[in-house]
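Below is one structure, written out as structure tokens; the observations come after it.
What you are looking at is a predicted structure, and each value in this text was computed from that prediction instead of being measured.
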Amino acid sequence: MQIIEKYFTRLSPAQQQALSQLFPLYQEWNAKINLISRKDIDNLYEHHILHSLAIAQYINFAPQARVLDLGTGGGFPGIPLAILFPNTQFTLIDGTLKKIKVVKAVAEALGLSNVTAIQIRAEEVKDRFDFVVSRAVASMEKLIPWSFRLLSKTHQHALPNGLIALKGGNVKAEFDALPNRHYYEVTPINDFFQEPYFEEKFLVYVQG
């Protein structure tokens, strides 16, 4: 939890409490369902929560904005972002029912009324969103078509609606392999957080 407060110094008491509850909640659920590597659960705050919050260092989501977390897994990056942006509506989707059950249970335990968790494939989603976020889900070749059809035509932010993905590896090569050109920005996460874990990890924004 200290590592979160190192970078986010203006958390409200409610946000501090919710973030501090994440470790016991995920530790309990991880014993039943393997959401996070057993070796990695002790690194929950740095490797999963802080990593998710790199998005909050890049954009300040507007109140009433709608954000889709595509392939949320155990709730990342959606749950930490929902804690930080209590007036923004987050829809967390995943194709695996047991993961969505955990996300629902965590959101309920934290009293996150701005989180909706649904077992559904991206191709089946009908709603529209300001941004689609994802963390280590798929290649850009898949993420871009999945995401772009879900973007609203109405913009509420200075940053145009689009996809924000947390990625590792050779991101430029993924874009070079695409048939169409897209406007995108790649930001090293080390620009936000100094820990060695974030070397070779990137935040990628693709304008919709």
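- The existence of a salt bridge linking R149 and E123 is excluded, since no basic side-chain nitrogen approaches an acidic carboxylate oxygen closer than 4.0 Å.
- Judged by distance alone, the side chain of R135 and the main-chain N or O of S52 form no donor-acceptor pair under 3.5 Å.
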For this session: Applying side-chain hydrogen bond (donor to acceptor under 3.5 Å, both in side chains), run through Y58 and E185 and close with a yes or a no.
Result: CA-CA 11 Å; Y58 185 77; E185 297 173 358; 2.4 Å; yes
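- E5 CD: more than 12 foreign heavy atoms inside a 6.0 Å radius.
- In this structure, the side chain of E124 engages the main chain of R121 through a donor-acceptor pair within 3.5 Å.
- Following chains of ILVMFWY side-chain contacts shorter than 4.5 Å, one cannot reach I55 starting from L70, and the two form parts of different hydrophobic clusters.
- Put simply, the residue from I164, D69, I49, L92 that forms a side chain to side chain contact (heavy atoms under 4.5 Å, CB included) with P77 is D69.
- Identified under the ring-ring contact (aromatic ring centres under 6.0 Å, His included) test for residues 10-38, with sequence neighbours left out: Y26-F76.
- Under the 6.0 Å distance and 45° angle rule, K6 does not count as a cation-pi partner of F8.
- Note on L68 and M140: same hydrophobic cluster, where clusters join Ile, Leu, Val, Met, Phe, Trp and Tyr whose side-chain heavy atoms are under 4.5 Å apart, directly or indirectly.
- Inspection of the D40 and S37 side chains reveals no N or O donor paired with an N or O acceptor under 3.5 Å.
- A donor-acceptor distance shorter than 3.5 angstrom exists from the side chain of N161 to the backbone of T154, with no hydrogens or angles considered.
- Remark: of the listed residues L11, L53, N114, L112, L112 is the sole one forming a side chain to side chain contact (heavy atoms under 4.5 Å, CB included) with I83.
- Pairs of residues two or more places apart, or lying in two chains, that qualify as ring-ring contact (aromatic ring centres under 6.0 Å, His included) and include a residue from residues 106-146 are F61-F131, F131-H157.
- A donor-acceptor pair under 3.5 Å links the side-chain atoms of Q119 to the main chain of G95, judged by distance alone.
- Taking the six-membered ring for Trp and the full ring otherwise, Y7 and F192 have centroids separated by 6.0 Å or more.
- Environment of NZ in K153: sparse, with no more than 12 heavy atoms of neighbouring residues, nucleotides or ligands closer than 6.0 Å.
- Hydrophobic clustering of Ile, Leu, Val, Met, Phe, Trp and Tyr side chains at less than 4.5 Å, counting indirect connections, keeps V132 apart from V115.
- Screening residues 167-190 for ring-ring contact (aromatic ring centres under 6.0 Å, His included), with sequence neighbours left out, gives F148-H182, F175-Y184.
- Across Q15 and S12, no two heavy atoms sit closer than the pair OE1-N, 2.8 Å.
- A donor-acceptor pair is defined here as one N or O able to donate and one able to accept, closer than 3.5 Å; such a pair exists between the side chain of K167 and the backbone of A138.
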